[in-house]
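Here is the naming used below: chain letters follow the sequence lines, and residue numbers restart at 1 for every chain.
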Amino acid sequence: MKGHVVMRLAPSPSGPLHLGHTRMAMLNDEYVSRYGGELILRLEDTNPANIDPEAYEMIPQDLENIGVKIHRVVIQSERMEIYYEEARRLIESGHAYVCLCKAEDMRKLKLQSIACPHRNTTPEQNEKLFDDMIGGKFTPGTATLVIRTDLFHPNPSLRDWIAFRISPAKHPRTGEKYYAFPMMNFSVAVDDHRLGLTHVLRGKDQLNNTDRQRFIFQYSNWQMPEYYHYGMISLPGEKLKTSIIRKGIRDGKYSGWDDVRLNTVRALLRRGYKPETFRRYWVESGLREIDASFSWDIFNSMNRELIDGTSLRLFFVRDPVPVLVKNGPKSRVMIPFHPEHRELGFREMHVGGSPTILIQAEDWNGMSEGSTVRLKDLYNVERSGDQLVYKQNQEFNPKTMKIIHWLPEDSGEFTVLKPDGSRDDGRIESNITLVNGTSQFERYGYVTIEKERNSALFLHR
RNA sequence: GCUCCGAUGGUGUAGACAGGUCAAGCAUAUCGGCCUUUCAAGCCGACGACUCGGGUCCAAAUCCCGAUCGGAGCACCA
């Protein structure tokens, strides 16, 4: 591929983008920016029953937020006259006919390679029937426009396929202006040609559709773009359908499209994934036709590499246990916000004499009587009954002594919400007022802070 | 069942089109070590793969055939 390419992203506006969509978005964007050209966002809204009006806004926003540059937006429902025009042309040349069979009859006949009674009609008859069809003279399910292919084609799904049907649903954008809508295979072929696409990258699930669309290109004497089909990616865990999520939001199960538990672009960005992470991951995955499974390990590792240098460190104590430190001296310590980037500044912590501090229940329970630990950046303490005692010997060897983090007793309450739906409640260092965005809670993991909610979203370890 | 596609370590990939430099590179995960006042990052090391069987060839991960396994599609969805 070289020179000026024209490519497209063709989602249906049924909801915002999710993790799976970012692959086609990144790959197409990557090729366009690499070879120079134009990327078209084509919203495929020819099935009125499957449209979320808000998606017309959400999809371009999501793309912008992950750094995909769109040069032009095309909405298919605004191009109905074009589809009608091309349909009439194919009827005229005898490549399409109006079929009045019931759906199940048509299916049966096709499987047996038998022509239905409507297949052998004249273009003139079909023109009239098509006008009636788009003019609203048929009820839904009683008439379709069919592309005549080959009834003996070995692949039954390529035999005489449907190009137009009547939709019973009202279209959110065109209202009741249109009754007969093109099927995806028809509008895609017409638009791929009319928009001047040079290359199309799409999933392997479109393989049969490419073959169907090929008939339109042949009948019309159009040059076909180069089609590439990459393998399917299986996302581990439950894969939520957009319609289920929408219902969950309506029922209050999810806080919105950016709920921590979701794999939508908005949720992932909110948690702290970088646009560059999506790009790196998908570019590395490439265009192989093999099916693969998505690896959160690798995805997270790529993201960690991008955020680590700027993630300020803080202490978050989950399940805090208050413990008295007997003889602990009054102290004021300065701790770097990032161990390798002192230029990011220091945070200050102080405790009074014989203070009560907060440590994690897990760490407390792990301490046996008489064992010594280092309170990170503070001092050594030894367990004695239900309290800690300041050690006279403050030398310590990080190889042999366990280091735990801690907080002054008056630290504020804080919660971390996790993608699995659980939450960790605890206390946060007061210096959180100085930190924005993605932070690393030491010995815990990376999170993205939302101060106004007094909580953070868990990103990854 | 039919049509089409594919097969490299636990996972993701490079190499295949133009056979030799591949006793197979990289990343991630795991394990061990170093470093480190985080269970992070960094550094070093270990582990671990060409689905199987034929064929062509001096030479096959790479080309051909078959088997097996896996996937997608077979909607008046996109």
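The aromatic rings of A:Phe164 and A:Phe130 sit perpendicular to each other, their planes meeting at more than 60°, with 30° as the lower class boundary. A perpendicular orientation is assigned to the rings of A:Tyr444 and A:Phe316, their planes being inclined by more than 60° (bins at 30° and 60°). Ring pair A:Tyr83/A:Phe186 is perpendicular by interplanar angle, where above 60° counts as perpendicular and below 30° as parallel.
Of all nucleotides listed (B:G6, B:U28, B:C76), B:U28 comes nearest to the side chain of A:Ser301. Between B:A40, B:C39, B:C5, one nucleotide has an atom nearer to the side chain of A:Lys204 than all others, and that is B:C5. In this structure, the nucleotide among B:A16, B:U38, B:C74 sitting nearest to the side chain of A:Ser157 is B:C74. Considering only side-chain atoms of A:Asn50, the nucleotide from B:U38, B:G12, B:C77 that sits closest is B:C77. Distances were taken from every side-chain heavy atom of A:Ile298 (C-beta onward) to each of B:C76, B:G12, B:U38; the shortest belongs to B:G12.
Residue A:Arg288 is classed as a base contact, given a heavy-atom separation below 4.0 Å to a base. Within 4.0 Å of A:Asp377, counting heavy atoms only, lies at least one base atom of the nucleic acid. At a threshold of 4.0 angstrom between heavy atoms, the contacts of A:Ala103 include nucleobase atoms, whether or not backbone atoms are also involved.
Counting only heavy atoms from C-beta outward, the side chains of A:Met133 and A:Ile166 approach each other to under 4.5 Å. Using a 4.5 Å cut-off on side-chain heavy atoms (C-beta onward), A:Val373 and A:Asp363 make no contact. No side-chain heavy atom of A:Tyr97 sits less than 4.5 Å from a side-chain heavy atom of A:Ile147. Residues A:Leu129 and A:Phe138 form a side-chain contact, since some pair of their non-hydrogen atoms from C-beta on lies under 4.5 Å apart.
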- line: With B for base contact, S for sugar-phosphate-only contact and - for none (protein heavy atoms under 4.0 Å), nucleotides 41-52 of chain B reads B-----------
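Each of A:Phe294 and A:Asn209 lies near RNA chain B, and the nucleotide nearest A:Phe294 is the one positioned closer to the 5' end. Between A:Asn185 and A:His405, the residue anchored closer to the 5' end of RNA chain B is A:His405, taking for each the nucleotide with the nearest heavy atom.
One finds a side-chain N or O of A:Ser293 lying less than 4.0 angstrom from the OP1 or OP2 phosphate oxygen of B:G12. Within the 4.0 Å cut-off from OP1 or OP2 of B:A78, at least one side-chain nitrogen or oxygen of A:Arg165 is found. Put simply, A:Lys399 has a side-chain N or O that comes within less than 4.0 Å of OP1 or OP2 on B:C35. The phosphate of B:A78 (OP1 or OP2) has a side-chain N or O of A:Thr46 nearer than 4.0 angstrom. Contact check, A:Arg280 against B:A27: no side-chain N or O comes under 4.0 Å of OP1 or OP2.
Under the rule for a ring pair (Phe, Tyr, Trp, His ring centres under 6.0 Å), the partners of A:Phe278 that lie at least two apart in sequence or sit in another chain are A:Phe299.
Rounded to whole Å, the P atom of B:G53 lies 13 Å from the corresponding atom of B:A61. The separation of B:A59 from B:C43, taken at their P atoms, amounts to 44 Å, rounded to a whole angstrom. Separation of the C1' atoms belonging to B:C52 and B:U13 is 23 Å when rounded to the nearest angstrom. Taking atom P on both B:G71 and B:G54, the two are 27 Å apart, rounded to the nearest angstrom.
Within residues 11-30 of chain A, the residues approaching RNA chain B are A:Ser12, by heavy-atom distance under 4.0 Å. Using a 4.0 Å cutoff on non-hydrogen atoms, the parts of residues 140-147 of chain A near RNA chain B are A:Gly141, A:Thr144, ordered by number.
With a 3.5 Å limit on both pairing distances and Watson-Crick or G-U wobble geometry required, the stems of 3 or more pairs in RNA chain B span B:1-7 with B:68-74, B:10-13 with B:25-28, B:30-34 with B:42-46, B:51-55 with B:63-67.
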task: Start with the C-alpha distance between A:Asp45 and A:Ser77, add both sets of side-chain angles, then the distance that settles side-chain hydrogen bond (donor to acceptor under 3.5 Å, both in side chains), and finish with yes or no.
output: CA-CA 6 Å; A:Asp45 57 345; A:Ser77 59; 2.6 Å; yes
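Checked against A:Asp160 for a salt bridge (charged side-chain N to carboxylate O under 4.0 Å, His left out), the options A:Lys110, A:Arg107, A:Arg119, A:Arg148 give a single hit: A:Arg119.
For an aromatic pair to be called close, the ring centres must be under 6.0 Å apart, and A:His199 with A:Tyr35 fails this.
Donor-acceptor pairing under 3.5 Å is lacking for the side chains of A:Asn303 and A:Tyr281.
Each side chain to side chain donor-acceptor pair (under 3.5 Å) pair with one or both residues in residues 125-134 of chain A, not counting sequence neighbours, appears once here: A:Arg88-A:Asp131, A:Thr121-A:Asn126, A:Thr122-A:Gln125, A:Lys128-A:Asp132.
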